[in-house]
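Following: one structure in structure tokens, then a few remarks.
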Protein chains: 2
Amino acid sequence: MNRTYQKPSLNEPSRPKRFRRGSGRATLADVAKVAGVSAQTVSRVLNNPSAVPTATLEHVRDAIAQVRYVPNRLAGGLASGRSKLVAALVPAIASPVFLETLEALTQALATQGYQLMLGESGYDDADEVQLFENLISRGPDGIVLTRVVQSELARQRLASSGIPVVETWDLTDNPVDMLIGFSHEQVGACVADIMIKRGVKYPAMISGNDPRARRRRIGYAKRLVEKGCLRTEEDLQVAEVPAPAPMGYGRRAFRELLARQVPIDGLFCSTDMLALGALIEAQHRKIIVPDQLAVVGFGDLVIAADTSPALTTVRINGQKLGTLAAELIMRRASGNLVPDKIHDIGFEVVMRESA
Amino acid sequence: MNRTYQKPSLNEPSRPKRFRRGSGRATLADVAKVAGVSAQTVSRVLNNPSAVPTATLEHVRDAIAQVRYVPNRLAGGLASGRSKLVAALVPAIASPVFLETLEALTQALATQGYQLMLGESGYDDADEVQLFENLISRGPDGIVLTRVVQSELARQRLASSGIPVVETWDLTDNPVDMLIGFSHEQVGACVADIMIKRGVKYPAMISGNDPRARRRRIGYAKRLVEKGCLRTEEDLQVAEVPAPAPMGYGRRAFRELLARQVPIDGLFCSTDMLALGALIEAQHRKIIVPDQLAVVGFGDLVIAADTSPALTTVRINGQKLGTLAAELIMRRASGNLVPDKIHDIGFEVVMRESA
DNA sequence: ATGAAAGCGCTAACAG
DNA sequence: CTGTTAGCGCTTTCAT
């Protein structure tokens, strides 16, 4: 009998009075009927095959193939409390900065059958609670934020949901739960050191208007003052642009900086995209990088190695970050506690030609 | 009585013998108890408020706030057959090409309370069926593919799942369900026309190795032959690079092309990233664009307007595509049929400086 | 090693 | 307008 299995017609006279039709797809019970076992055994074949003898295993798997059974994980998740869904929230999907993280996260999750839900938070903090509750209502086994939670209310709601949370791309002393990040102030300070080592006299910065870019700027300005390159932090020439900033903003911001008629020989851009824009504008104006102007970016996007001149920048290991986030959550989901809740993954200065 | 509502303790002596503890979070029933109504009424307040008088509405909403009720959509989805989840599959998350589409899709879905699940398919077609079943098992209300389904088996499985499917970024005569795309061959032909109009004598191409880039190439070569610019399609100078191609590949591919010692005065790059790479390499080698070399890209990434010279390219309205995909799926989910299953959204040539 | 029963939290269907 | 009942398809718990 090789015919395709047919679910019993819904119009059979024996159906109960109060009736709801299901999805029409094969269910565990259908497989069980065909295989001549109970639904429970089929479930075991799927979720814990080692508890089932080989003979039964094959038998049931044949039945699964025959009825083209596709599990319903909504039902499974409801029953077990484990949805195998992980939610991630990024400020802007179109921003290339988090792509590497997101990709690593997705891939690491996929290896264990987890699926990513993606949400967009925006750069402002409007309605954090609403945003989080939307995710929580989906019953994810974990939530990854590419930010630190802002409001106290949101913190409480997240914490009381009992769902593992990983805040990333930033450092804070009291994370909601777990944290993977690095110090933006230190990044700024490091870039200042590069400038100073190059003998830069007139430092400037093009900065996105998001909180983290601002903290890189503060670290940068502070160190410049410490080293005597600047009198006060306010003396730093800064052009601020709205995040997420496309390359064109970098060109324009650099023009604006030049228009101030103040000498500039060192430029820190809060993202590589902005740096690329500045580089292009410099080339356009025949300003020689790095001889006349040192340029440093942030992020080490794939483009950074191939600009002309190649961009000196700060690399965040987004892949490591994403993979680690996935690991922490999956470890938690499997019932294990995570020993280290705070991970400072640091950053790396990539010296190339532009500074 | 303003105390926070407490769920009855799980250790009460009256609990049934066979016992499963839930998530510990408040449920509809808890809200109902506090509000002094039935669970059904609470459900109506949430999903169909117009069917409930204002007084009850407020009453229930107070109770919801009091117990900090967050709905469980896994349960809701299971019961109603509508999960308010939409799955999207992109070849590579790190590829900027689909970002605009993805962002528009996410945002359009979010307006109606839908949530995106993101998956990565890769550029090869390994295990399409597996990939799709993974998504299907999550019970999404729709599936958006940034590709056309390849294998017949995968087509059947998708179709028989009954889930609305939107294939995008391509055109085909027999879509699984709905389709939003444009003709890659026509894009290639259009670019050829630009080249010819510019008087290009020695056309070349840098192309990703994915099927759609190849079809753009075919359209390009065909038209060049038709117009007598090339003797045969094989005469086109092509450098092929692996997709998804970062900018650096464009630089290298262009070098490779130049190393062939064949004259080149027109270059079509299968993506803007590749074009940017070629542009940078040209600048590096003092090849004047567009005077000595016309360059045309594809995609109209945000960078394209701000390269130097500004990049002439082909624009796909990713935002429109994403929004439309969301609309089609949501219309279907609300029970309405979609009149037009195939949407050719075309493309737009954006003339800038590079050609 | 396998099965039966109970229930996860919600909504559809029906009845009032 | 509101409540009761019966599932959605699965896993947990317990019994064999």
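Just so it is clear: chains get the letters A, B, ... in the order the sequence lines come, proteins before strands, and each one is counted from 1.
Formation of a donor-acceptor pair under 3.5 Å by the Asn72(B) side chain with backbone atoms of Leu74(B) is found in this model.
Residues satisfying the ring pair (Phe, Tyr, Trp, His ring centres under 6.0 Å) criterion with Phe132(A), sequence neighbours excluded, are absent altogether.
Within the structure, the side-chain hydrogen bond (donor to acceptor under 3.5 Å, both in side chains) test picks out the following pairs touching residues 104-115 of chain B (sequence neighbours left out): Glu120(A)-Gln107(B).
With hydrogens and angles ignored, a donor-acceptor pair closer than 3.5 Å exists between the side chain of Gln40(A) and the base of dT12(D).
Taking the charged nitrogens against the carboxylate oxygens, Arg332(A) and Asp141(A) have no contact shorter than 4.0 Å, which rules out a salt bridge. Under a 4.0 Å N-O distance rule, the pair Glu152(A)/Arg155(A) qualifies as a salt bridge.
For Ala79(A), taking side-chain heavy atoms from C-beta onward, the closest of the listed nucleotides dT2(D), dT11(D), dT11(C) is dT11(D). With distances taken from any side-chain atom of Ser38(A) to the nucleotides dC10(C), dA4(C), dT4(D), the minimum falls on dA4(C).
With rounding to whole Å, Leu74(B) atom CG is found 11 Å from dC10(C) atom C1'. Across the protein-nucleic acid pair, Lys33(B) atom NZ and dG9(C) atom P stand 12 Å apart, rounded to whole Å. Going from atom CZ of Arg73(A) over to atom C1' of dG9(C) covers 20 Å, rounded to whole Å. Distance Leu28(A) CG to dA5(C) P: 17 Å, rounded to the nearest Å. A straight line from CG of Leu78(B) to P of dC10(C) spans 12 Å, rounded to a whole angstrom. Rounded to whole angstrom, the span from the CG atom of Asp30(A) across to the C1' atom of dC8(D) amounts to 13 Å. Distance NZ (Lys84(B)) to C1' (dC10(C)): 15 Å, rounded to an integer number of Å.
A sub-4.0 Å separation between OP1 or OP2 of dG9(D) and a side-chain N or O of Thr27(A) is absent. OP1 or OP2 of dT11(D) has not a single side-chain nitrogen or oxygen of Ser80(A) nearer than 4.0 Å.
One end of the helix from dA1(C)-dT16(D) to dG16(C)-dC1(D) points its axis 30° away from the other end's axis, with each axis taken from 5 pairs and the angle rounded to 10°.
In this structure the side chain of Leu99(B) reaches within 4.5 angstrom of the side chain of Leu99(A), judged on heavy atoms.
A heavy atom lying under 4.0 Å from DNA chain D marks the following residues of residues 42-49 of chain A, by number: Ser43(A), Asn47(A). The stretch residues 129-142 of chain B has no heavy atom under 4.0 angstrom from DNA chain C at all. Using a 4.0 Å cut-off on heavy atoms, the residues of residues 53-63 of chain B that approach DNA chain D are Pro53(B), Thr56(B), listed by number.
In this structure, the separation between CG on Asp170(B) and CZ on Arg147(B) is 10.5 Å, given to the nearest 0.5 Å.
Across every non-hydrogen atom of Ala88(A) and Leu105(A), the tightest pair is CB-CD2, 4.0 Å.
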